[in-house]
Amino acid sequence: MRPLDPRLLRYAEATRGFLIACVVIGSAVAGLVVIQAFALADIITGAFQEGLGLAQLQPVLVLLAAVIVARAGLLYLAEVVAHRAGAKAKNQLRQGLLAHTLDLGPGWLAGRGSGELATLATRGIDGLDAYFARYLPMLVLAVTVPIIGGVAILSQDLLSALIVALTLPLIPVFMILVGRFTQSRVDRQWRTLGVLSGHFLDVVAGLPTLAIFGRAKAQAESIRRIGDQYRLATMKVLRVSFLSSLVLELLATLSVAMIAVGIGLRLVGGGGFTLRAGLVVLILAPEVYLPLRMVGANFHAAAEGLGAAERVLDILETPAPARGSRTDVPDPARSPLVVEDLSVVYPDRPVPALAGVSLEIRPGVITAITGPSGCGKSTLLGVLMGFVAPTAGGILIAGEDLAEFDLDAWRGVVGYVPQVPKLLTRSLRENVALGRPDATDEEILAALAAAGAEGLAASLPAGLDTVVGEAGRGLSAGQTRRVALARALLRDCPLLLLDEPTAALDAATRS
């Protein structure tokens, strides 16, 4: 968990402008801190050492009031900028995550789990609020205030500046050590949350089946156990956060105390050290250490968001299947599709999923690919759809390499029904017309009839307006597959790819 991941600047462009604004505001705040220290020192020495009255101190008092108001205004401006930039950055990350997930394809998503992805896209990215509103502004102040304040201290007292120069770097060192110690606990917390979210999603989806077989209570106990693990992991992160904040506060307090003792001894012993210089140093010293202390405290507040953002950025860095640039895709209804010596090897499997497969799909001909379970039929369809990148060989359409064409353009002429069709929690009409939102009810009913579900809409309580749940809740497995087939038929694509189209269908419908 780096303080500022360069990838965040690339994938969330709003962070760049926010960082520039933080530098400008931070430099202005640092300058005001120095002016405030000198103004306070002049007021105290003038009133108690030189005996000046209120009228004589009025210009300095006005300056001090103006500095205080300006600091408050800059802090308010920083809050506004932080919240706006944070909202934009989160939106950019969320959109980038969803778009890249679609590019990676269903094969990658099946290996990650939709529960973990949903957690990252919602609560995980929302955890960046503390990062933008608290941590990043303090990180900039931790650079500007010590530099400008240290120069001001050096102009007043060399010994105090030397103590600051020697003790100030210790705080980042301790922060790095604490951060490495915290990272493993935050990672464990997110892994536990990912398992909990995925397991909870699976249990909710299969709750009717679990209740039928009397396994609902056992799954509830499993969720309770994983929830306890997440609670313990969270409490460990909080414990480390409080202890590390104590270490940083103690280190900063001891450093300021060393400066104060040295100034006090020299003021008592004389030697030409002035009260004004001592006051300036004493007022500036806590201000110099404060941003670094706040960075340490806010780091743990933003740790959850940073951990989630790191996982989001890792997903965005995952290479997607290569995309061509040509959009002039040949018509599959007129051009043969030729698979030449195609091989696919998955990174986590030593045995190839496909090895030297060659075939020709001719226009106007139904081509059936048969074989035992696990022989690579779904992998072949995944390559044809651009979800899986081939290890060797290729696919030709009209004699040209399919990899040269844009995936969106190619998928625009191909209909596809996966092995496990997915429905949305929308009406039956919207699920069938997902690929053609402008389709009329007559066209939707015709597509359902062509898929062997001509009486489905009439059998549902609200007809086409009946809301069906995710994974086809409210429909049988066969009805879900026929709705998915109707959705593909409604698009009227010249090439239709069906993965186990007769699964979960009765004998009459299958024939």
Tell me, do [X] and [Y] make a side-chain contact under 4.5 Å, heavy atoms counted?
{"X": "F405", "Y": "E400", "answer": "yes"}
{"X": "V467", "Y": "R426", "answer": "no"}
{"X": "I444", "Y": "L428", "answer": "no"}
{"X": "F18", "Y": "I20", "answer": "no"}
{"X": "V329", "Y": "D406", "answer": "no"}
{"X": "L464", "Y": "S427", "answer": "no"}
{"X": "E310", "Y": "L8", "answer": "no"}
{"X": "L495", "Y": "W410", "answer": "yes"}

Where the side chain of [X] meets the backbone of [Y], is there a donor-acceptor pair that is under 3.5 Å apart?
{"X": "R482", "Y": "G452", "answer": "yes"}
{"X": "Q92", "Y": "E13", "answer": "yes"}
{"X": "S459", "Y": "L456", "answer": "yes"}
{"X": "T144", "Y": "G26", "answer": "yes"}
{"X": "H100", "Y": "P319", "answer": "no"}
{"X": "R481", "Y": "Q419", "answer": "yes"}
{"X": "T379", "Y": "A353", "answer": "no"}
{"X": "R94", "Y": "A121", "answer": "yes"}
{"X": "K377", "Y": "G371", "answer": "yes"}

Of L342, L380, L337, the residue whose pairing with L359 passes side-chain contact (heavy atoms from CB on, under 4.5 Å):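 Among L342, L380, L337, the one that satisfies the side-chain contact (heavy atoms from CB on, under 4.5 Å) with L359 is L380.
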Rounded to the nearest 0.5 Å, what's the gap from [atom1] on [X] to [atom2] on [Y]? Could you check?
{"X": "R334", "Y": "I397", "atom1": "CZ", "atom2": "CD1", "value": "12.5 Å"}
{"X": "N431", "Y": "R487", "atom1": "CG", "atom2": "CZ", "value": "6.0 Å"}
{"X": "R436", "Y": "D492", "atom1": "CZ", "atom2": "CG", "value": "7.5 Å"}
{"X": "D103", "Y": "L98", "atom1": "CG", "atom2": "CG", "value": "11.0 Å"}
{"X": "L434", "Y": "R429", "atom1": "CG", "atom2": "CZ", "value": "14.0 Å"}
{"X": "L423", "Y": "L475", "atom1": "CG", "atom2": "CG", "value": "6.5 Å"}

Side-chain H-bond candidate by donor/acceptor type, T391 with Y346, under 3.5 Å: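 Distance-only check fails for T391 and Y346.
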S378-D499 side chain donor-acceptor pair, cut-off 3.5 Å: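 S378 vs D499: donor-acceptor pair found between side chains.
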Taking all non-hydrogen atoms of both residues into account, name the closest pair between [X] and [Y] and its distance.
{"X": "L490", "Y": "A433", "value": "CD2-CA, 3.8 Å"}
{"X": "L496", "Y": "A488", "value": "CD1-CB, 3.6 Å"}
{"X": "L316", "Y": "Y11", "value": "O-OH, 3.5 Å"}
{"X": "D341", "Y": "S358", "value": "N-OG, 2.8 Å"}
{"X": "P332", "Y": "P494", "value": "CD-CG, 3.7 Å"}
{"X": "K90", "Y": "D129", "value": "NZ-OD1, 2.7 Å"}

Trace of the side chain to side chain contact (heavy atoms under 4.5 Å, CB included) decision for V345 with V351: CA-CA 7 Å; V345 179; V351 180; over 6 Å; no
Would you tabulate the side-chain donor-acceptor contacts of residues 382-389 under 3.5 Å, counting partners in other chains and residues two or more places apart, or write 'none'?
none

Verdict with supporting geometry, R84 and E79, salt bridge (charged side-chain N to carboxylate O under 4.0 Å, His left out): CA-CA 9 Å; R84 291 184 178 179; E79 288 279 342; over 6 Å; no
R16 atom CZ: more than 12 heavy-atom contacts under 6.0 Å: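 Check passes, neighbour count above 12.
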Verdict with reasoning, I395 to D401, per side chain to side chain contact (heavy atoms under 4.5 Å, CB included): CA-CA 6 Å; I395 300 174; D401 191 353; 5.6 Å; no
Test log, rule side chain to side chain contact (heavy atoms under 4.5 Å, CB included), inputs D314 and R7: CA-CA 9 Å; D314 288 340; R7 298 177 298 174; 2.9 Å; yes
Side chain to side chain contact (heavy atoms under 4.5 Å, CB included) between L354 and V357, intermediate numbers included: CA-CA 7 Å; L354 290 175; V357 174; 3.8 Å; yes
